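This one's a predicted model, so the numbers in the text were calculated from it and none came from an experiment.
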Amino acid sequence: MSTTQTLEIYKVLQKYFKNEEDASRVVADLEKIIEDKLEYKKTELATKNDLHDLKIDLITRIETSKTDTIKWLFVFWVGQLAATAGILFAFLNVYFKK
């Protein structure tokens, strides 16, 4: 809070308190509350860099996931092709032996 704002608040509070010490204590408490809120916002709110890093991390995870999925699909397709070829070979083998 700026000095002029603090002074204005102090002048307003002097009207409501009997001694100046109480008014200055209230102003100091208000300043502490405002500083705490600003510090909270600085530490807890995301910045553009935080969001950018999160986006890059998400894109990397998606790419890794896609790569793993394609690998497993290839393994599945090869397995299915081998099973189909085995069944076809067994049927043809039985058919031609008769």
Review point. So do the side chains of V75 and K71 get within less than 4.5 Å of each other, counting heavy atoms only?
Key: no
Review point. Counting distance only, does the side-chain N/O of T69 pair as donor-acceptor with the main-chain N or O of S65 below 3.5 Å?
Key: yes
Review point. In Å, rounded to the nearest 0.5 Å, how long is the span from CD of E31 to CD1 of I33?
Key: 11.0 Å
Practice item. Answer with yes or no whether the side chains of D50 and T47 bring together a donor and an acceptor at under 3.5 Å. Key: yes
Check your understanding: About how many Å separate CD1 of I62 and NZ of K66, when rounded to the nearest 0.5 Å?
Key -> 7.0 Å
Review point. Rounded to the nearest 0.5 Å, how far does CG of N49 lie from NE2 of H52?
Key: 7.5 Å
Review point. Nearest 0.5 Å, what's the CG-CG distance between L88 and N93?
Key: 11.0 Å
Review point. What is the distance from atom CG of L58 to atom CD of E63, rounded to the nearest 0.5 Å?
Key: 10.0 Å
Check your understanding: side chain to side chain contact (heavy atoms under 4.5 Å, CB included) with K55: which of D57, I59, L51?
Key -> I59
